Amino acid sequence: MNIVSSVVEVRAQVKKWRSQGLSVGLVPTMGYLHEGHRSLILRAVAENDRVVVSDFVNPIQFGPSEDLESYPRDIEADALLCEGAGAHLVFHPAPEDMYAPDFCTYVDMKELTEGLCGRTRPTHFRGVCTVVSKLFHIVAPDRAYFGQKDAQQLAVIRRMVRDLDFDIEIVGCPIVREEDGLAKSSRNTYLNAEERRAAVVLSRAVKLGRSLMENGERKASVVLAAMRELIEGEPLARIDYVEMVDAVSMRPVDEAHGSVLCAMAVYVGKTRLIDNFIFEG
Ligand code: PAF
């Protein structure tokens with residue numbers, strides 16, 4: 001497995017694979033890889049001849065008061081995980097390899113990006129769409145793999161691919177959880193022991209919401225009130241949002257019909273965590 005930092009090297013490698021008739025999968029990540037990322041890489045390896053993992057903390061998707069500087073990084077451990085999972089190439093650019101000093105072209109999306117995480121992170125999805133578009137152009141994969149934990153991101157990327165005619169299949173992969181239910185996330189490392197214990201309230205709320213819906217409840221107000229009440233019972237937790245939206249349009253719904261997403265962002269101490277479930281009504 002190779003680790004490269006320049007766009008030219010990625011393109012040369014992919015060109016070679018293409019000339020041999022090989023298919024290519026891409027797993028975009030910001031590094032500090034965990035079991036969730038490993039599950040994406042394993043799926044990509046099972047479905048493609050060659051797999052590229054991008055490992056890049058993308059500065060333009062962080063707001064001015066967010067955790068860009070402190071975001072955890074460990075490229076050596078990431079390389080070991082990628083190799084163990086069967087990836088063929090890690091693309092680990094420096095910010096200046098991705099963004100020229102006079103960079104000024106962005107991919108922006110309306111509507112789907114305005115609610116949920118977009119409300120507290122107004123420039124986040126512009127950064128995500130821009131970097132993912134760049135990665136799609138650089139690697140030109142057949143398929144790209146994203147986790148369902150970032151449900152809004154997955155919906156936004158699917159829409160971007162449709163709207164901008166990227167010829168790439170987007171594969172959404174299930175949330176991977178710790179034994180106690182906490183969704184795996186690189187940001188879990190910010191939690192101290194007490195916060196780590198409290199953070200399980202997110203997955204407990206997911207479980208509660210899902211079970212209410214499985215038992216026939218369809219009113220968003222009822223499901224969300226129960227989830228909020230549970231979270232508010234945890235003194236270290238502070239709700240950013242708990243919402244039910246249409247799983248494709250990301251528009252809020254009053255009643256669950258078709259495919260809906262129940263998503264939440266909750267601060268545990270200073271750490272903002274997300275979790276969600278999809279319900280097919
Ligand atoms: O989900 C992430 O880790 C990032 O948002 C992504 C898709 C790699 C873009 O930087």
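Start at 1 and go down the list; that is how both ligands and their atoms are numbered. In this text, all values refer to a predicted model and were calculated from it rather than measured experimentally.
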Just jot down the ligand 1 atoms closer than 4.0 angstrom to any heavy atom of Q153, in number order. 1 (O), 2 (C), 4 (C), 5 (O), 7 (C)

for atom 10 (O) of ligand 1, nearest protein heavy atom and its distance come out as Q61 OE1, 2.6 Å

Which part of T29 is near ligand 1, with near meaning a heavy atom under 4.0 Å away: side chain, backbone, both or neither? backbone

Pair K184 + E178, salt bridge at N-O below 4.0 Å: yes

Between the side chains of K149 and D275, is the shortest nitrogen-to-carboxylate-oxygen separation below 4.0 Å, so that they form an ion pair? no

Check this for me: does any side-chain nitrogen of one of R238 and E232 sit under 4.0 Å from a carboxylate oxygen of the other? no

R197 bridged to D180 by N-O distance under 4.0 Å: no

Quick one: is the NZ or CZ of R43 closer than 6.0 Å to the six-membered ring centre of Y145, and within 45° of its axis? no

Looking at P28, which atoms of ligand 1 are within less than 4.0 Å of one of its heavy atoms? 8 (C)

Check ligand 1 against V131 and write out every atom of the ligand that is under 4.0 Å from a heavy-atom position of the residue. 9 (C), 10 (O)

